[in-house]
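All residue numbers in this chain count up from 1 along the given sequence.
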Amino acid sequence: MNSAEQTPAAAALPDPRVSIVLATFNERENILDTIRSIFENLGNSVEVIVVDDDSPDETWRLVEKLDHPRVKLIRRVGTRGLASAFNRGILESRGAVVGWMDADMCMPPAMLPGMIARLEQYDVVVGSRYAPGGKDDRVPLRVAASRLINGLATLVLGYRIRDYDSGFVVLKRSVFDKVSLIPTGYGAYFMEFLYNCRRKGLTVLEVPYTFRDRQKGISKSAPSLYRFFRTGLQYVARIFVARLRPKD
């Protein structure tokens with residue numbers, strides 16, 4: 001199943017209430033567990049959209065073999081990028097509630113029902129490692145780097161958001177009437193997205209959770225010290241770009 005295909009069974013299903021987008025690259029060890037857990041927690045109210053950047057480990061093939069009427073596979077060939085993958089999935093989603101998260105089981109799908117329930121009072125609900133009660137349970141170097149970047153983002157961008165680069169979120173579809181996701185970059189795109197939400201007067205709630213390091217597979221952001229620090233510099237640059245970008 002690819003982005004241009006839709007099974008008759010899927011076409012006959014009622015519109016989902018919730019759309020969850022997963023962006024994948026070499027996640028064959030985690031993708032099925034993630035999808036299964038999403039359905040266990042949200043049932044038939046959800047559709048899962050997997051945007052795979054033609055993974056060499058054929059993550060896309062595992063999703064294709066599922067042949068699930070509520071799982072949509074978009075296999076992108078010749079195109080890569082986390083933010084652009086999430087953006088593609090959002091564009092093809094149908095739910096009144098839209099969310100996205102990592103596909104490596106570091107972000108617990110069990111959090112989703114509670115996060116979605118809080119949308120009755122808020123426009124955007126973010127899973128937060130650094131809100132009171134949250135925890136970042138990765139190796140100390142990565143935790144320290146993340147806290148430094150988020151501290152800088154909170155200082156420069158304001159609005160008392162503690163986990164600006166969370167990337168674990170659910171929101172009302174109406175949010176996109178005011179704010180667009182800028183589909184460039186790795187995780188720093190999320191900082192600019194949250195900042196623009198607050199600048200447009202939208203309400204954002206951070207819900208604490210424990211972020212655990214992946215148990216399977218290799219991190220995309222820190223396979224080497226060089227890439228780790230390069231990614232960090234990109235985050236810092238994006239913070240100041242967001243702050244200086246004119247409000248549209």
Worksheet item: With D57, which residues qualify under side chain to side chain contact (heavy atoms under 4.5 Å, CB included), at least two apart?
Response: N26, R28, S55, T59
Discussion item. Working to the nearest 0.5 angstrom, can you tell me the gap between H68 NE2 and L73 CG?
Written reply: 14.0 Å
Worksheet item: If you take all heavy atoms of G158 and Y164, which pair is closest and at what distance?
Response: O-OH, 2.7 Å
Discussion item. Using a strict threshold of under 4.0 Å (side-chain N to carboxylate O), is an ion pair present between D52 and R75?
Written reply: no
Worksheet item: In Å, rounded to the nearest 0.5 Å, how long is the span from CG of D136 to OG of S128?
Response: 10.0 Å
Discussion item. Quick one, R198 with L157, criterion side-chain contact (heavy atoms from CB on, under 4.5 Å). Give me CA distance, side-chain angles, the key distance, then yes/no.
Written reply: CA-CA 10 Å; R198 293 298 289 118; L157 303 179; over 6 Å; no
Practice prompt. Just jot down the side chain to side chain contact (heavy atoms under 4.5 Å, CB included) partners of I149, sequence neighbours excluded, or say none.
Written response: M191, Y235, I239
Discussion item. Test side-chain contact (heavy atoms from CB on, under 4.5 Å) on V126 and F190; report intermediate values, then the result.
Written reply: CA-CA 11 Å; V126 177; F190 195 71; 4.2 Å; yes
Worksheet item: Is there side-chain contact between F25 and E27, with at least one heavy-atom pair below 4.5 Å?
Response: no
Practice prompt. Work out which heavy atom in D53 is nearest to a heavy atom in R76; give both atom names and the distance.
Written response: OD1-NE, 2.8 Å
Practice prompt. Treat each ILVMFWY residue as a node, draw an edge where side-chain heavy atoms are under 4.5 Å apart, and state whether V156 and Y130 are in one component.
Written response: no
Scan the side chains in residues 38-45 for donor-acceptor partners under 3.5 Å anywhere in the protein, sequence neighbours excluded, and list what turns up.
{"from": "N41", "atom 1": "ND2", "to": "S37", "atom 2": "O", "distance (Å)": "2.8"}
{"from": "N41", "atom 1": "ND2", "to": "S37", "atom 2": "OG", "distance (Å)": "3.4"}
{"from": "S45", "atom 1": "OG", "to": "L42", "atom 2": "O", "distance (Å)": "2.7"}

Item to complete: Would you indicate whether the side-chain heavy atoms of V51 and W100 approach each other to under 4.5 Å?
Response: no
Item to complete: Only counting residues at least two apart or in another chain, list the ones meeting side chain to side chain contact (heavy atoms under 4.5 Å, CB included) with K65.
Response: R61
Worksheet item: To the nearest 0.5 Å, how far apart are OH in Y186 and CG in L82?
Response: 6.0 Å
Fill in: Verify same cluster id: L91, I49 (apolar side-chain graph, 4.5 Å)
no
Worksheet item: Passes side-chain contact (heavy atoms from CB on, under 4.5 Å), I161 versus E206? Steps please.
Response: CA-CA 8 Å; I161 293 173; E206 289 185 90; 3.9 Å; yes
Practice prompt. Only pairs at least two apart or in different chains count here, so list each salt bridge (Lys or Arg N to Asp or Glu O under 4.0 Å) that has a residue in residues 181-192.
Written response: E192-R238, E192-R245
Item to complete: Keeping to residues at least two apart or across chains, list the side chain to side chain donor-acceptor pair (under 3.5 Å) pairs with something in residues 166-180.
Response: S93-R173
Item to complete: Give every residue pair that meets the salt bridge (Lys or Arg N to Asp or Glu O under 4.0 Å) criterion with at least one member in residues 150-164, sequence neighbours excluded.
Response: R129-D163
Worksheet item: Looking at residues at least two apart in the chain, or sitting in another chain, which of them share a ring-ring contact (aromatic ring centres under 6.0 Å, His included) with F168?
Response: Y209
Worksheet item: Less than 4.5 Å apart, any side-chain heavy atom of L171 and any of F176?
Response: yes
Response to the item:
So CZ of R199 and OH of Y159: to nearest 0.5 Å the spacing works out to 7.0 Å
Item to complete: Compare every heavy atom of G127 with every heavy atom of M115, then report the nearest pair and how far apart it is.
Response: CE-N, 3.5 Å
Discussion item. Please give me the minimum heavy-atom distance between G133 and P208, naming the atom from each residue.
Written reply: C-CB, 3.6 Å
Item to complete: With sequence neighbours left out, write down each residue that passes salt bridge (Lys or Arg N to Asp or Glu O under 4.0 Å) with K200, or none if nothing qualifies.
Response: D248
Discussion item. So, taking the atom named CG in L155 and the one named CG in N150, what distance separates them when rounded to the nearest 0.5 Å?
Written reply: 12.5 Å
Discussion item. Which residues pass the side chain to side chain contact (heavy atoms under 4.5 Å, CB included) test with R118, not counting sequence neighbours?
Written reply: Q121, Y122, V125, L205
Fill in: Single-linkage hydrophobic cluster, 4.5 Å side-chain cutoff, M111 and I35 together
yes
Discussion item. Using the salt bridge (Lys or Arg N to Asp or Glu O under 4.0 Å) criterion, which residues pair with R36? Sequence neighbours excluded.
Written reply: D33
Response to the item:
In short, S84 meets G81 closest at the heavy-atom pair OG-O, 3.1 Å
Worksheet item: Just by modelled atom types, is the C106 backbone N or O under 3.5 Å from a matching donor or acceptor in the D104 side chain?
Response: yes
Discussion item. Taking the side chain as everything from C-beta on, heavy atoms only, tell me whether T24 gets closer than 4.5 Å to T34.
Written reply: no
Worksheet entry | Validation row: C197, D123 side chains within 4.5 angstrom (heavy atoms) | no
Discussion item. Run F86 and V169 through side-chain contact (heavy atoms from CB on, under 4.5 Å) and show every step you take.
Written reply: CA-CA 12 Å; F86 281 134; V169 64; over 6 Å; no
Worksheet entry | Joint hydrophobic cluster, F211 plus V139, side-chain heavy atoms closer than 4.5 Å | no
Item to complete: Report the residues that fulfil side-chain hydrogen bond (donor to acceptor under 3.5 Å, both in side chains) with E47, sequence neighbours left out, ordered by chain and then residue number.
Response: S19, R94
Worksheet item: Under a 4.5 Å cut-off applied to non-hydrogen side-chain atoms, are V175 and F193 in contact?
Response: yes
Item to complete: Check whether any side-chain heavy atom of R88 lies under 4.5 Å from a side-chain heavy atom of P183, and answer yes or no.
Response: no
Worksheet item: Is there side-chain contact between M101 and L112, with at least one heavy-atom pair below 4.5 Å?
Response: yes
Worksheet entry | Same cluster (ILVMFWY, side-chain, under 4.5 Å), M105 and L62 | no
